[in-house]
Amino acid sequence: MPTHTPNQKETRAKLDRLAWLLDSAIRLPGGLRIGLDGMMGLIPGLGDLAGALFSSYILLQAARMKVPVSVLARMAFNILLELVIGSIPVLGDLFDFFFKANRRNVRLMEKYLAAN
């Protein structure tokens, strides 16, 4: 059973904070939360690519923490899904605001690491 080093705990906390920033940092009236990823997605073309790059950083860090390929593949699928659907005008922007791939991916990573 691998031990979780202080450095790994710090990295996990930073990834959780990044996911929150990308997916939930901005509170809208009515309690809905959106993040910078959804806001970047409003910029045609480049916004969705920039969001995918930030999301890929979380994936890279999960790989460095020895998360198995099966979990990494699910995380990559979430990023790809958000990138592809997010590129559709209007519908994709709404999808970005609700899907929250980064929060999903951090939860997948945490679920695996907590069990091991």
Side-chain angles (χ1 to χ4, degrees):
M1 209 179 269
T3 59
H4 302 296
T5 65
N7 186 39
Q8 187 186 63
K9 289 179 183 179
E10 182 180 322
T11 299
R12 290 164 66 179
K14 286 180 181 178
L15 293 176
D16 186 55
R17 177 78 174 157
L18 177 60
W20 174 83
L21 183 65
L22 291 171
D23 289 342
S24 304
I26 304 165
R27 181 187 305 268
L28 297 178
L32 179 66
R33 298 188 78 88
I34 62 172
L36 297 179
D37 186 25
M39 298 299 291
M40 286 186 295
L42 295 172
I43 302 168
L46 293 178
D48 292 311
L49 284 175
L53 286 175
F54 284 113
S55 298
S56 296
Y57 176 76
I58 294 171
L59 181 67
L60 174 66
Q61 292 302 314
R64 287 182 176 164
M65 286 187 270
K66 308 288 189 236
V67 171
V69 172
S70 60
V71 176
L72 295 173
R74 288 176 62 194
M75 293 171 70
F77 177 77
N78 287 340
I79 295 167
L80 185 61
L81 183 64
E82 192 171 72
L83 175 64
V84 171
I85 295 178
S87 67
I88 301 169
V90 183
L91 175 65
D93 297 323
L94 291 173
F95 181 79
D96 272 349
F97 290 136
F98 290 101
F99 186 65
K100 302 184 185 306
N102 301 296
R103 301 290 288 199
R104 288 173 187 263
N105 286 345
V106 167
R107 281 194 306 270
L108 285 169
M109 179 190 71
E110 287 295 340
K111 183 178 176 183
Y112 169 77
L113 293 173
N116 293 294

Just by distance, do the side chain of [X] and the backbone of [Y] share a donor-acceptor pair under 3.5 Å?
| X | Y | value |
| --- | --- | --- |
| N105 | M75 | yes |
| D23 | N102 | yes |
| R12 | E110 | no |

Can you measure from [atom1] ([X]) to [atom2] ([Y]) and round to the nearest 0.5 angstrom?
| X | Y | atom1 | atom2 | result |
| --- | --- | --- | --- | --- |
| L83 | D37 | CG | CG | 10.0 Å |
| T11 | I58 | OG1 | CD1 | 12.5 Å |
| L46 | L53 | CG | CG | 10.5 Å |
| D48 | I85 | CG | CD1 | 11.0 Å |
| L80 | S55 | CG | OG | 11.0 Å |
| R27 | L32 | CZ | CG | 10.0 Å |

Indicate the atoms forming the closest heavy-atom contact of [X] with [Y], along with that distance.
| X | Y | result |
| --- | --- | --- |
| F54 | L18 | O-CD2, 4.3 Å |
| W20 | R103 | CB-NH1, 3.0 Å |
| M40 | A50 | SD-CB, 4.0 Å |
| L72 | A62 | CD2-CB, 3.8 Å |
| V106 | L15 | CG2-O, 3.7 Å |
| F99 | E82 | CD2-OE2, 4.1 Å |

Give the cluster check for [X] versus [Y]: same hydrophobic cluster or not, with ILVMFWY residues linked at side-chain heavy-atom distances below 4.5 Å.
| X | Y | result |
| --- | --- | --- |
| L113 | Y57 | yes |
| L22 | L81 | no |
| F98 | I26 | yes |
| L28 | M39 | yes |
| F95 | L42 | no |

Just to verify, what does K14 make a salt bridge (Lys or Arg N to Asp or Glu O under 4.0 Å) with, not counting sequence neighbours? E10
Evaluate V71 against M109 for side chain to side chain contact (heavy atoms under 4.5 Å, CB included), listing each step before the verdict. CA-CA 7 Å; V71 176; M109 179 190 71; 5.6 Å; no
Which residues pass the ring-ring contact (aromatic ring centres under 6.0 Å, His included) test with F97, not counting sequence neighbours? none
Neighbour count above 12 (heavy atom, 6.0 Å) for M65 CE: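 Yes, because the 6.0 Å sphere around CE of M65 holds more than 12 heavy atoms from other groups.
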Within a radius of less than 6.0 Å around CZ of R74, do more than 12 heavy atoms belonging to other residues, nucleotides or ligands occur?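 Counting neighbours around CZ of R74, 12 or fewer heavy atoms of other residues, nucleotides or ligands fall under 6.0 Å, so no.
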What pairs of residues pass the ring pair (Phe, Tyr, Trp, His ring centres under 6.0 Å) test when at least one of them lies in residues 21-42, not counting sequence neighbours?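 Passing the test, one end in residues 21-42: no pairs.
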